[in-house]
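Worksheet: one structure, shown below.
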Amino acid sequence: MMAYDYSKNIEERPDPVKADLKGNLPNWLQGTLLRNGPGIFSVGETTYNHWFDGMALMHSFTFKDGEVIYRSRYLRGDTYKDNMAAQRIVVSEMGTMAHPGPGKNVLSRVITFLNHTVPDFTDNCGNNIIRYGKDYYATSETNYIRKVDPVTLETQDKVDYMKYLAVNLVTSHPHYDNDGNTYNMGTSIAEKGKTKYTLFKVPATTAGDKAKASPALKNLEVICTVPCRSLLSPSYYHSFGMTDNYFIFIEQPFKLDILKMATAYMRGVNWASCLKFCPEENTLIHLIDRKTGKEVGMKYYTEAMIVYHHVNAFEEDGHVIFDVIAYEDPSLYNMFYLNVLNEQSKTSAMSVPKCKRFALPVQTDKGIDVGDDMVKLKYTTASAVKEKEGRLLCHPEVLCDGVELPRINYDFNGKKYRFVYMTCVAMSAVATKIMKLDTKTKERTEWREENCWPSEPVFIPRPNGEGEDDGVVLTTVINSNPGESGFILVLDAKSFKEVARAYVNAGLHMDMHGYFIPKEN
Ligand SMILES: CC1=C(/C=C/C(C)=C/C=C/C(C)=C/C=C/C=C(C)/C=C/C=C(C)/C=C/C2=C(C)C[C@@H](O)CC2(C)C)C(C)(C)CCC1
Ligand SMILES: [Fe+2]
């Protein structure tokens, strides 16, 4: 099979193109799927080290009156502008430390160094699209996000979280509720001698008062803060869980070493090399009551693991159950270094991502014997064994092996649910299959096609649909069959069978995450 070239710069396609439709789109499917991911990997003579570092390229698929319209556009943030003006990479990213130019004299090198000791971070937001209030933002995990026009994909205001809240890092996987509020979480490092994690709410913007409405972050409310286990090594996390009454935050032994970061530029190493995994340490699971903003009385632990994506979480019979994609080591990040990806023939040893289910009993452990399992649910083998007063050791149930980029019917977010849509990960960085997992029966249904590489599958519910899987799943497919173009695929979510596809005559490419904006009625 042909290999996908992860390091190739991709051309933007800002003028809308009509896709070539095969099959019949359900007429209720109206709206726009926005997707984001890295798209430019080298500028002039310089190249990023890591695929996640690439400059953002957004794309959109608009479903309207039985047609599909495609377009794509680079995110024109300060990072893009500065790199393009210099014709080389001058802004550092997680996996790439930018160096002073060759022509620079000693004095300007010293100035560049000083600038980087208290650096201004990148606004290259190539990870996801999120909504705050009525606005859409391209995001990665730094303090900057970029507002984008969801129709034209044009880049708008640069918004700095730090203007509204002391946070150095914020996730690109917030949660949303039915009232239009957004919930997210960030880390503030060594601020006033403290390192902590903050969960916050960005309220829905009410129509009318324009000045108050934008950016919605103006109205941000802190829900709670969780002190970090150690001042100079906060955990890295990429998402968190939410149910009707709780937040779930996994404080994993995959940490940022702040002292190493402070000297990274001087030592000429990237930020990623300042992340350390400590497999001998345990993972602390924080369960936070959304109403009080306080952690529940019990302390939950599990063995060392690395989680990027939460799948879903819900409450049942005095338990909080949550599903995540977990790894045994940081090999996922390492696999995406461009020099590693270019040697795809050498199957890189990657720890297989597993979909794991945890169950946290919320009741008091009074009267329970040490060594007893407190989980009282029939349908899961997940356990939580009392170690001592107020402390439970959790063992997950593995629901499924070799999966990533999980999506659900978001109407079931925080609620008891059954189905997950994911990409299948084998021993390679390119997914060849997507699947639907029935968490109840463990049944897996797959979609694949020869020489096709599907993206993160996004579930769209049918308006007033019946049942959790009443809707469609959208995935964009890179097609490496000679003479054929990429397409967006529409699967019936119940049967996981194709209902339509729309060929895009403008080479599709690998991306990260997406957000579907339904058409307003
Ligand atoms: C750390 C730090 C700093 C710097 C922070 C910076 C620059 C942060 C940037 C963070 C970014 C871009 C994070 C991105 C994370 C992305 C993640 C975890 C992506 C996961 C992707 C997966 C699982 C992908 C899977 C796959 C893909 C894409 C293709 C498929 O075909 C196959 C499959 C499933 C393997 C400061 C602000 C300088 C100072 C403070 C501390
Ligand atoms: Fe992600």
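Remember, it's 1-based here, ligands and their atoms both numbered in the order they're listed. Fair warning: this is a prediction, and the values are worked out from it, not measured in the lab.
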Between E498 and R501 (salt bridge meaning N to carboxylate O under 4.0 Å), is one present in this structure? yes
Could you pull out all residues at least two apart from D53 that satisfy salt bridge (Lys or Arg N to Asp or Glu O under 4.0 Å)? none
Distance filter under 4.0 Å to T142 heavy atoms, resulting ligand 1 atoms: 5 (C), 6 (C), 7 (C)
From the list Y48, Y308, W51, ring pair (Phe, Tyr, Trp, His ring centres under 6.0 Å) partner of F336 resolves to W51
Looking at T423, which atoms of ligand 1 are within less than 4.0 Å of one of its heavy atoms? 34 (C)
Atoms of ligand 1, numbered as shown, that sit under 4.0 Å from any heavy atom of W271: 38 (C)
Do the side chains of E12 and R76 get close enough for a salt bridge, i.e. N-O under 4.0 angstrom? yes
Taking only non-hydrogen atoms of E404 and a 4.0 Å limit, the atoms of ligand 1 in range are 23 (C), 34 (C)
Taking only non-hydrogen atoms of V425 and a 4.0 Å limit, the atoms of ligand 1 in range are 34 (C)
Heavy atoms only, cut-off 4.0 Å: how does S92 contact ligand 1, side chain, backbone, both, or neither? neither
Could you work out, for atom 24 (C) of ligand 1, the closest of I478, L405, V430, T122 by heavy-atom distance? L405
Between R418 and D438, does at least one N-O distance fall below 4.0 Å, as a salt bridge requires? yes
2.8 Å cut-off (strict), protein N, O or S atoms about the Fe ion (ligand 2): 4
N127, portion touching ligand 1 at heavy-atom distance under 4.0 Å: side chain
Could you check whether F249 and F240 have their ring centres less than 6.0 Å apart? no
Checking contacts here: is it the side chain or the backbone of M510 that comes within 4.0 Å of ligand 1, counting heavy atoms only? Could be both or neither. side chain
Sidechain N-carboxylate O distance under 4.0 Å for D78, K158: yes
What are the atoms of ligand 1, with element, lying closer than 4.0 Å to any heavy atom of M261? 1 (C), 2 (C), 41 (C)
Quick check: does A431 get an N/O under 3.5 Å from an N/O on ligand 1? yes
For I288 against C224, the heavy-atom pair lying closest together: CG2-SG, 3.5 Å
Hey, would you say the Y197 and H286 ring centroids sit under 6.0 Å apart? no
So for F52, does at least one of its heavy atoms come nearer than 4.0 angstrom to any atom of ligand 1? yes
Assess the residue pair F200 and Y164 against the criterion (ring-ring contact (aromatic ring centres under 6.0 Å, His included)); give the C-alpha distance rounded to whole Å, side-chain angles, the decisive distance to 0.1 Å, and a yes or no. CA-CA 11 Å; F200 60 90; Y164 311 99; over 10 Å; no
The atoms of ligand 1 lying under 4.0 Å from a heavy atom of D511, numbered in the order shown, are 28 (C)
Between K436 and D469, does at least one N-O distance fall below 4.0 Å, as a salt bridge requires? yes
Member of N409, T439, I408 meeting the side-chain contact (heavy atoms from CB on, under 4.5 Å) criterion with N312: I408
